[in-house]
S.K.: 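Please find one structure pasted underneath; my questions will follow.
All ligand and atom numbering here is 1-based and tracks the order in the structure. Residues: numbered from 1 along the sequence shown.
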Amino acid sequence: MSLIVVVVHPDLLGTYGDGGNGLVLAQRARWRGVSAELVEATSDVALPEGDLYCLGGGEDAAQTASADRLRTEGTLERAVGRGATVLAVCAGYQIVGRSFPAADGRPLPGVGLLDVTTAKGTGRRAVGEILAEPVGGRLPVLSGFENHAALTTRGPDTSPLGRVTVGIGNGDGTDGAVCGGVVGTYLHGPVLARNPALADLLLSRAIGRPLKPLDDTEEAALRGERIAAVRARRAGGLVRYVLGSS
Ligand code: GLN
């Protein structure tokens with residue numbers, strides 16, 4: 001039996017290389033001798049049944065098209081209902097919430113897998129490196145970059161993924177949201193390439209057992225460099241956010 005990893009609508013939610021999250025999950029499974037199939041499910045085909053779904057970032061119009069398609073099909077909700085695991089990044093995170101803004105700011109319905117609502121921010125666009133201390137203590141610091149105009153408010157049925165130490169995230173000092181096997185975050189990178197421990201948390205949930213550790217020496221060295229650089233730039237006052245529109 002193969003673990004099925006589905007990259008959802010890479011033709012619409014393909015900015016910043018977030019499709020790499022699917023690649024990381026499939027490869028880290030295979031490195032442990034677990035057979036894994038990676039499915040790139042473009043929006044012109046019905047979303048397949050899978051064990052792990054990855055949604056990435058996207059422009060406002062593409063995000064709306066993807067959300068419409070997912071709501072109409074209902075496959076993702078059914079998959080979560082039978083226990084599938086979901087990683088949703090930026091536009092994908094907003095889509096799996098209760099509502100998100102159209103390009104003109106009107107609220108549109110999301111898929112409703114996470115008790116979060118997203119609205120256009122009133123200030124500057126969040127662009128830059130982000131660091132977050134994970135909530136719950138099971139992961140090392142989360143590292144990525146963000147680029148979004150809208151901000152997200154969590155409802156009582158979610159926990160944040162992390163507390164932001166550099167960057168904006170949800171906009172209230174936290175990043176992301178977690179409910180059961182659905183994880184949302186503003187971190188690009190791809191986030192699972194930058195944070196292999198998060199990849200393994202999602203994988204072990206999907207596989208249903210703890211995973212034997214891998215030799216992540218190279219990943220750890222790259223993480224160390226990047227995290228130290230971001231902290232040093234912040235200490236020097238050099239981490240900036242720029243104004244813009246999506
Ligand atoms: N369009 C959304 C926003 O600006 C998501 C952007 C993204 O996925 N990078 O908030």
Side-chain angles (χ1 to χ4, degrees), residues 7-22 40-43 53-71 76 86-114 116-132 142-155 158 160-162 164 166-177 182-195 198 239-246:
V7 176
V8 178
H9 301 167
D11 51 327
L12 297 173
L13 305 176
T15 56
Y16 310 121
D18 292 322
N21 289 321
E40 303 260 339
T42 49
S43 59
Y53 290 84
C54 299
L55 292 82
E59 307 287 322
D60 290 347
Q63 175 176 353
T64 302
S66 175
D68 284 349
R69 177 99 183 140
L70 291 172
R71 271 201 331 276
L76 195 59
V86 176
L87 172 70
V89 176
C90 204
Y93 170 36
Q94 298 174 3
I95 287 172
V96 299
R98 296 201 188 285
S99 72
F100 67 89
D104 63 7
R106 265 178 314 122
L108 298 174
V111 178
L113 301 176
L114 281 176
V116 300
T117 56
T118 300
K120 290 268 182 209
T122 51
R124 59 200 178 177
R125 186 176 177 89
V127 181
E129 288 289 323
I130 174 166
L131 292 179
L142 296 163
S143 150
F145 71 91
E146 60 184 335
N147 187 342
H148 54 105
L151 299 174
T152 299
T153 305
R154 280 179 302 102
T158 62
L161 179 63
V164 172
V166 174
I168 304 293
N170 290 329
D172 65 351
T174 68
D175 176 67
V182 183
V183 176
T185 179
Y186 276 109
L187 273 64
H188 300 285
V191 63
L192 299 185
R194 285 217 198 176
N195 303 277
L198 178 59
V239 173
R240 293 204 179 92
Y241 292 88
V242 297
L243 287 167
S245 59
S246 47

S.K.: Only heavy atoms of Q63, strictly under 4.0 Å: list the atoms of ligand 1 that pass.
M.R.: 1 (N), 2 (C), 5 (C)

S.K.: Does one side chain, of S43 or D11, offer a donor that lies under 3.5 Å from an acceptor on the other?
M.R.: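 Yes - a donor-acceptor pair under 3.5 Å links their side chains.
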
S.K.: Would T15 count as a contact of ligand 1 if the rule is a heavy atom under 4.0 Å away?
M.R.: no

S.K.: Do the non-hydrogen side-chain atoms of L55 and H9 ever get within less than 4.5 Å of each other?
M.R.: no

S.K.: If the cut-off is 4.0 Å to any non-hydrogen atom of H188, which atoms of ligand 1 fall inside it?
M.R.: 9 (N)

S.K.: Closer than 4.0 Å to some heavy atom of Y16 - which atoms of ligand 1 meet that?
M.R.: 9 (N)

S.K.: Considering distance alone, does some N or O of Q94 sit under 3.5 Å from an N or O of ligand 1?
M.R.: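 Looking only at distances, the answer is yes, because the N/O contact criterion of under 3.5 Å is met.
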
S.K.: Does V182 reach the side chain of T158, with side-chain heavy atoms less than 4.5 Å apart?
M.R.: no

S.K.: With a 4.5 Å heavy-atom cut-off, do V191 and N21 have their side chains touching?
M.R.: yes

S.K.: Would you call F100 a ligand 1 contact, heavy-atom distance under 4.0 Å?
M.R.: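 F100 does not count as a contact of ligand 1 under the 4.0 Å cut-off.
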
S.K.: Looking just at side-chain N and O atoms, do D175 and Y93 make a donor-acceptor pair shorter than 3.5 Å?
M.R.: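 No, Y93 and D175 have no side-chain donor paired with an acceptor closer than 3.5 Å.
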
S.K.: Can you find a pair of side-chain heavy atoms, one from L13 and one from D18, that are under 4.5 Å apart?
M.R.: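 A side-chain contact is absent here, since even the closest heavy-atom pair is not under 4.5 Å.
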
S.K.: Are any of the N/O atoms on C90, whether in the backbone or the side chain, positioned under 3.5 angstrom from an N/O atom of ligand 1?
M.R.: no

S.K.: Which of the numbered atoms in ligand 1 are under 4.0 angstrom from any heavy atom belonging to R125?
M.R.: 4 (O)

S.K.: Does T152 reach the side chain of Y186, with side-chain heavy atoms less than 4.5 Å apart?
M.R.: yes

S.K.: Heavy atom of E146 under 4.0 Å from ligand 1?
M.R.: no

S.K.: Hey, looking at atom 5 (C) of ligand 1, which of G58, G57, A150 has the closest heavy atom?
M.R.: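 Minimum heavy-atom distance to atom 5 (C) of ligand 1 goes to G58.
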
